[in-house]
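Just below is one structure, and these are the notes that go with it.
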Amino acid sequence: MKNIVLTGMMGCGKSTCARKLAARLALTAVDMDEEIVKQAGRSIPEIFAQDGEPYFRDLESACARALSERESLVIATGGGVVLRRENMDALRRSGVVFFLNRPANQIFGNVDMRGRPLAQNGKEAFLETFSKREAAYRGTADFVVEEFSSPEATVREICRLLEGIVWK
Ligand code: S3P
């Protein structure tokens, strides 16, 4: 069975929704950041501080490639996965992509941003990061999800969208 891939900004709820969606569809949830941390044996802030963002992006690309070779996963991507075309080309070949378009100004201030090195420069910078990425999120998604009243509601919406397509 193909994979389900969740993209979107830091803090939009990808990891929570991936776990709930995987439980509902009897698939396996995988979180890219957790995979990277496991393999590197260091936290995301440590990787950024010690080796810099380009090094982290290389780990992320290797992770995207490896997960794309697997099946029956619900993949919670890192928010920056769309920055490299090769990542999304591989993930798109492996399954269906949902962009969780939770408004960035709703995320910032409501979600705990500790442990996210690229969300440490205030709300304006966060909103700018989103506006720089928005086209990539939209352009690489099969579906854009706009339902965020609760994680359960988001998952129900994804399931509703899945019903309309042949994805197995
Ligand atoms: C990043 C998002 C993070 C993590 C890293 C960089 C980004 O993942 O990969 O801190 O560039 O948006 P989450 O989206 O899970 O927070």
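Just the heavy atoms: all of them, side chains too, but no hydrogens, waters or symmetry mates, feed the values below.
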Side chains of Val145 and Leu161 in contact at under 4.5 Å (non-hydrogen atoms): yes
Between Leu25 and Leu162, is there a side-chain heavy-atom distance shorter than 4.5 Å? yes
What pairs of residues pass the ring pair (Phe, Tyr, Trp, His ring centres under 6.0 Å) test when at least one of them lies in residues 31-53, not counting sequence neighbours? Phe48-Phe56
Within this structure, what is the NZ-CG distance for the pair Lys38 and Asp33, rounded to the nearest 0.5 Å? 12.0 Å
Side-chain heavy-atom pair Val37, Ile44 within 4.5 angstrom cut-off: yes
Report the C-alpha separation of Ile75 and Met32 in whole Å, then their side-chain angles, then the decisive distance to 0.1 Å, and conclude whether the side-chain contact (heavy atoms from CB on, under 4.5 Å) test is met. CA-CA 7 Å; Ile75 303 172; Met32 281 185 57; 3.9 Å; yes
Of all pairs that satisfy side chain to side chain donor-acceptor pair (under 3.5 Å), the ones with a partner from residues 78-91, not counting sequence neighbours: Asp58-Arg84, Ser61-Arg84, Ser61-Asn87
Would you say Val81 ends up clustered with Val144 if hydrophobic residues are merged whenever their side chains have heavy atoms under 4.5 Å apart, either directly or through other cluster members? yes
Going by salt bridge (charged side-chain N to carboxylate O under 4.0 Å, His left out), name the pairs with one or both residues in residues 40-49, residues two or more places apart or in two chains. Arg42-Asp51
Hey, is the main chain of Val74 close enough, under 3.5 Å, to the side chain of Asn3 for a donor-acceptor pair? no
Quick one: ring pair (Phe, Tyr, Trp, His ring centres under 6.0 Å) pairs with a partner in residues 84-106, sequence neighbours left out? Phe98-Phe143, Phe99-Tyr137
Tell me, please, which residues at least two apart from Arg57 pass side-chain hydrogen bond (donor to acceptor under 3.5 Å, both in side chains). Glu53, Glu60
Any carboxylate oxygen within less than 4.0 angstrom of a Lys/Arg side-chain nitrogen, looking at Glu157 and Arg160? yes
Of the non-hydrogen atoms in Phe108 and Gly122, which two are nearest, and what is the gap between them? CZ-C, 3.6 Å
For Leu100 and Ile158, what are the C-alpha separation, side-chain angles and deciding distance, and is it a side-chain contact (heavy atoms from CB on, under 4.5 Å)? CA-CA 10 Å; Leu100 305 193; Ile158 293 171; 4.1 Å; yes
Tell me every residue that passes side-chain hydrogen bond (donor to acceptor under 3.5 Å, both in side chains) with Glu34, counting only those two or more places apart in sequence or in another chain. none
Pair Arg133, Leu83 - check side-chain contact (heavy atoms from CB on, under 4.5 Å), show working. CA-CA 8 Å; Arg133 291 179 181 177; Leu83 294 173; 3.8 Å; yes
Minimum side-chain heavy-atom gap Val5-Leu67 below 4.5 Å: no
Using side-chain hydrogen bond (donor to acceptor under 3.5 Å, both in side chains) as the criterion, list what pairs up with Lys123, not counting sequence neighbours. none
Nearest atoms (heavy-atom pairs only) where Ala18 meets Ala29: O-CB, 3.7 Å
Which pairs pass salt bridge (charged side-chain N to carboxylate O under 4.0 Å, His left out) with one or both residues in residues 92-105, sequence neighbours excluded? Arg92-Asp142
Rounded to the nearest 0.5 Å, how far apart are OG of Ser68 and CE of Met88? 9.0 Å
Spacing of CZ belonging to Phe130 relative to CD1 belonging to Ile107, to within rounding of 0.5 Å: 8.0 Å
My understanding is that only residues two or more places apart in sequence, or in another chain, count here; which of them pass side-chain contact (heavy atoms from CB on, under 4.5 Å) with Asn121? Ala125
For the atom pair CG (Leu73) and CG (Leu27), what is the distance rounded to the nearest 0.5 Å? 8.0 Å
Let me confirm one number: the OG-CD1 distance from Ser94 to Ile4, rounded to the nearest 0.5 Å. 10.5 Å
Report yes or no: do Val155 and Ile165 belong to one cluster of Ile/Leu/Val/Met/Phe/Trp/Tyr joined by side chain heavy-atom distances under 4.5 Å? yes
Looking at residues at least two apart in the chain, or sitting in another chain, which of them share a side-chain hydrogen bond (donor to acceptor under 3.5 Å, both in side chains) with Asp112? Arg114
Of all heavy-atom pairs linking Pro45 and Pro117, the shortest is CA-CG, 4.0 Å
What about Leu59 and Val82, same hydrophobic cluster or not, with Ile/Leu/Val/Met/Phe/Trp/Tyr joined at side-chain heavy-atom distances under 4.5 Å? yes
Results of salt bridge (charged side-chain N to carboxylate O under 4.0 Å, His left out) for Glu134 - residues two or more places apart only: Arg138
Salt bridge (charged side-chain N to carboxylate O under 4.0 Å, His left out) pairs, two or more places apart, involving residues 8-31: Lys20-Glu152
Full working for side-chain contact (heavy atoms from CB on, under 4.5 Å) between Leu118 and Thr129: CA-CA 9 Å; Leu118 297 185; Thr129 301; 6.0 Å; no
For a 4.5 angstrom cut-off between non-hydrogen side-chain atoms, does Val111 reach Met9? no
